[in-house]
Protein chains: 2
Amino acid sequence: MKPGYSHVPADHVAAECSRVAPVLSRIGDKWTVLVVTMLGRGPMRFNALRREIGSISQRMLTLTLRSLERDGLATRTVRPTVPPQVEYALTELGRSLLVPVSAIRDWARAHADAIEQAQRRFDGRCADEAGTAVRAIADQASAS
Amino acid sequence: MKPGYSHVPADHVAAECSRVAPVLSRIGDKWTVLVVTMLGRGPMRFNALRREIGSISQRMLTLTLRSLERDGLATRTVRPTVPPQVEYALTELGRSLLVPVSAIRDWARAHADAIEQAQRRFDGRCADEAGTAVRAIADQASAS
DNA sequence: CGGTATCCACTTGGATACTG
DNA sequence: CAGTATCCAAGTGGATACCG
């Protein structure tokens with residue numbers, strides 16, 4: 001067999017991705033992986049998460065945690081003290097997610113430099129050949 | 001493999017995620033995984049990809065392929081025939097990405113049912129307790 | 001065939017203010 | 001402490017039209 005290509009029937013790919021895509025959209029959002037990784041260290045209260053992440057807004061932390069709870073990846077436990085304490089923890093399902101996420105993290109760590117170099121080469125090449133045309137695609141946000 | 005928590009120092013988590021998050025954002029977008037998986041079967045021309053994916057717009061396919069090329073995950077080869085033919089193929093780096101992506105796919109396939117059940121339970125519980133309040137968070141798009 | 005360019009709807013996410 | 005509510009800026013992605 002040749003170096004490399006897997007032979008997946010084309011018809012199955014789209015069907016597969018209709019199940020994978022929602023999962024990736026969820027964990028690919030701006031905060032889910034960070035929060036899940038934090039909770040992977042152990043249960044944590046709302047403001048403890050907020051402090052340790054630092055840059056997250058209260059709104060986004062609430063939204064992220066609600067999604068995790070809805071998907072069965074985390075639990076929310078209210079203890080009726082004064083002031084109230086709310087503790088979040090990963091479920092078994094949530095902890096199992098740490099495994100493939102770690103695989104992605106390892107891949108990212110291993111190839112981050114290669115990707116950055118490829119990007120610089122690409123941007124440099126386009127600056128030579130086509131002016132700033134493709135740079136504009138990369139940036140894409142300058143004009144409104 | 002205890003059913004427990006990994007002990008990652010909190011300080012490292014945020015630093016790690018600053019490298020992982022961009023990668024996840026890229027492959028977590030609407031089309032990248034689908035296109036990469038397609039190209040995992042072997043090199044393909046632009047409109048062949050377009051046809052097999054079916055639902056993707058020309059614009060998004062172009063944008064997705066440009067990003068893959070920029071990141072060094074795919075190559076773009078123009079053959080100066082008439083009409084012109086442009087073939088896309090994964091690089092070695094791109095094929096290596098198929099490994100962790102497969103891990104995510106396997107996880108998604110294994111737990112898709114559990115997630116859907118958790119969602120229905122969550123939504124049902126909230127309908128009982130708090131009316132339609134949290135349903136509104138899940139839907140979130142009705143009002144403008 | 002393989003793109004670009006333009007316009008527009010929807011979604012995401014930050015800032016701020018207020019509540020039990 | 002742990003949220004909720006509201007407003008707003010930016011990003012994402014679809015539809016359409018046109019180009020070499």
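Note that the structure is predicted; figures quoted are calculated from it, not measured. Naming convention: chains lettered A, B, ... in sequence-line order (proteins, then strands); numbering from 1 in each chain.
The shortest distance between the side-chain N/O atoms of A:Tyr88 and the OP1/OP2 oxygens of D:dC1 is not below 4.0 Å. Distances shorter than 4.0 Å separate none of the side-chain N or O atoms of B:Arg50 from OP1 or OP2 on C:dG3. Phosphate proximity of C:dG14 to A:Lys30: present, with a side-chain N or O under 4.0 Å from OP1 or OP2. Side-chain N/O atoms of A:Arg76 include one lying less than 4.0 angstrom from OP1 or OP2 on D:dG3. Distances shorter than 4.0 Å separate some side-chain N or O of A:Arg45 from OP1 or OP2 on D:dA2.
The CD1-C1' distance, from A:Ile56 to D:dG3, rounds to 14 Å in whole Å. Distance CZ (B:Arg51) to C1' (C:dC1): 11 Å, rounded to an integer number of Å. Between A:Leu34 atom CG and C:dG13 atom C1' the separation is 15 Å, expressed in whole Å. To the nearest angstrom, C1' of C:dG3 lies 8 Å from CZ of B:Arg66. With rounding to whole Å, A:Leu65 atom CG is found 16 Å from D:dC1 atom P.
No hydrogens or angles considered: a donor-acceptor pair under 3.5 Å links the side chains of B:Arg105 and B:Ser102.
A:Arg79 comes within 4.0 angstrom of nothing in the nucleic acid, heavy atoms only. B:Gln85 comes within 4.0 angstrom of sugar-phosphate atoms only, judged by non-hydrogen atoms across all strands, and of no base.
When side chains are defined from C-beta on, A:Val20 does not count as touching B:Val101, because their heavy atoms never get closer than 4.5 Å. A:Glu52 places a side-chain heavy atom less than 4.5 Å from the side chain of A:Arg41. No side-chain heavy atom of B:Glu87 sits less than 4.5 Å from a side-chain heavy atom of B:Phe46.
Mapped onto DNA chain D by nearest heavy atom, A:Thr62 and B:Ser55 fall at different nucleotides, with A:Thr62 at the one closer to the 5' end. Take the nearest nucleotide of DNA chain C for A:Ser57 and for A:Pro84: the residue whose nucleotide is more 5' is A:Ser57.
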Run A:Ile53 and A:Trp31 through side-chain contact (heavy atoms from CB on, under 4.5 Å) and show every step you take.
CA-CA 9 Å; A:Ile53 295 175; A:Trp31 299 110; 3.9 Å; yes
